[in-house]
Amino acid sequence: MLNLLPSVGASAVLLAAWLPMTSPAQTSPGPNTAACPALLQHQFTRLQDDAPQNLCQYAGKVVLVVNTASYCGYTRQYEGLEALYAKYEKRGLVILGFPANNFGQQEPGSAKQIAELCFNTYGVKFPMFNKTDVVGPQRNALYTQLFQATKAAPQWNFHKYLISRDGQRVQSYASSVEPMGPQLTAAIEAALQR
């Protein structure tokens, strides 16, 4: 059962129940599943070295999930995302970047090419994962759950989902919402204070 909560310019949802995981290959509950919300019980490979990363390591943090692309009009948002991360990381925010080639074929490169752009051009320090699908029949299990929670699928690159510390509240923000803009920073501030 999903209960809609009021939110200005964002779709906020209280998650009372989660649907079962849809992709066992990308799901790894890990050793501490009791403290890890169902939404974070996934494993993805890290962009820079293909090391498997269990998202349960971010349990208890406010999580901002963003689908990224290297050749998009919104690619400059990497700068704002990195500024957000620098500002709020010590207070408990983590940003998770998921490169995707789903919109306008704007992420055609290899993991090495994407990593070079992220880390060398934009100085990205927040966690980045290997290229994945965020919409359509091949979308990864995390994005399937984010869609189920908000009924809002990414319409373009740099769509953002803000997840509460307990994984029970998810807000969705369109690509045009600037990372350091007042709408998103106010929501992050509120989530960090909960």
Kindly compute the distance separating CD (Gln183) from CD1 (Ile188), expressed to the nearest 0.5 Å.
-> 11.0 Å
Leu64 and Leu81, any side-chain heavy atoms less than 4.5 Å apart = yes
Stepwise side-chain contact (heavy atoms from CB on, under 4.5 Å) check, His42 with Phe129 | CA-CA 12 Å; His42 301 284; Phe129 299 93; over 6 Å; no
Is a side-chain donor or acceptor of Ser175 paired with a backbone partner of Asn157 at a separation under 3.5 angstrom?
-> yes
List for me each residue that meets ring-ring contact (aromatic ring centres under 6.0 Å, His included) alongside Tyr88, sequence neighbours excluded, and say none if there are none.
-> none
For Cys36 against Ala59, the heavy-atom pair lying closest together | CA-CB, 4.1 Å
Is it true that a side-chain atom of Glu116 and a backbone atom of Gln113 form a donor plus acceptor pair closer than 3.5 Å?
-> no
Answer whether the closest heavy-atom distance between the side chains of Arg165 and Leu192 falls below 4.5 Å.
-> yes
Heavy-atom neighbours of Phe119 CZ exceed 12 at 6.0 Å = yes
Residues two or more places apart in sequence or in another chain: which of them pass salt bridge (Lys or Arg N to Asp or Glu O under 4.0 Å) with Glu178?
-> Arg76
Carefully, step by step, assess Leu184 and Leu84 under the rule side-chain contact (heavy atoms from CB on, under 4.5 Å).
-> CA-CA 10 Å; Leu184 189 56; Leu84 262 183; 4.0 Å; yes
Are any of the side-chain heavy atoms of Phe103 and Pro154 separated by less than 4.5 Å?
-> yes
side-chain contact (heavy atoms from CB on, under 4.5 Å) assessment of Phe158 paired with Val66 | CA-CA 6 Å; Phe158 290 87; Val66 184; 3.9 Å; yes
Can you tell me if Lys151 uses its side chain to pair, donor with acceptor, with the backbone of Gln148 under 3.5 Å?
-> yes
Taking side chain to side chain donor-acceptor pair (under 3.5 Å) as the test, write out the residues that go with Asp50, two or more places apart.
-> Asn130
Sub-3.5 Å donor-acceptor pair from the side chain of Lys61 to the main-chain atoms of Glu89, do we have one?
-> no
Taking Thr75 for the side chain and Ala69 for the main chain, is one N or O donor matched with an acceptor at less than 3.5 Å?
-> yes
Heavy-atom donor-acceptor pair, Tyr161 side chain to Ala152 backbone, under 3.5 Å = yes
Residue pair Ile163 / Tyr58, side-chain heavy-atom distance below 4.5 Å = no
Does Gln48 reach the main-chain N or O of Ala115 with its side chain, forming a donor-acceptor pair under 3.5 Å?
-> no
Taking it one step at a time, do Thr121 and Tyr78 satisfy side-chain contact (heavy atoms from CB on, under 4.5 Å)?
-> CA-CA 10 Å; Thr121 304; Tyr78 272 125; over 6 Å; no
Interatomic distance, Leu146 atom CG to Lys160 atom NZ [nearest 0.5 angstrom] | 14.0 Å
At what distance, to the nearest 0.5 angstrom, does CD1 of Ile114 lie from CE of Met128?
-> 7.5 Å
How long is the span from the OH atom in Tyr74 to the CD atom in Gln106, to the nearest 0.5 Å?
-> 10.5 Å
Should the ring pair Phe126 and Tyr85 be called parallel, tilted or perpendicular, given that the plane angle runs from 0 to 90° and is split at 30 and 60?
-> perpendicular
To the nearest 0.5 Å, atom OH of Tyr143 lies from atom CG of Asn102 at 9.5 Å
Any Pro127 side-chain heavy atom under 4.5 Å of Arg46 side chain | no
Applying the 4.5 Å side-chain criterion to the ILVMFWY set and letting contacts propagate, would Val170 and Phe147 be lumped into a single cluster?
-> no
For the pair Glu107 (side chain) and Ser70 (backbone), establish whether a donor and an acceptor sit closer than 3.5 Å, ignoring hydrogens and angles.
-> yes
Over all heavy atoms of both residues, which pair between Ser164 and Asp166 is shortest? Give the atoms and the distance, please.
-> OG-OD1, 2.6 Å
Can you tell if the side chain of Val134 reaches within under 4.5 Å of the side chain of His159, non-hydrogen atoms only?
-> no
Heavy-atom distance under 4.5 Å between the side chains of Pro108 and Asn101, does that happen here?
-> yes
Rounded to the nearest 0.5 Å, how far does CZ of Phe98 lie from NZ of Lys131?
-> 15.0 Å
May I ask whether Val94 and Met180 are part of the same hydrophobic cluster, defined by side-chain heavy atoms of I, L, V, M, F, W, Y residues being less than 4.5 angstrom apart, directly or through others?
-> yes
Are the side chain of Asn67 and the backbone N or O of Pro99 linked by a donor-acceptor pair below 3.5 Å?
-> no
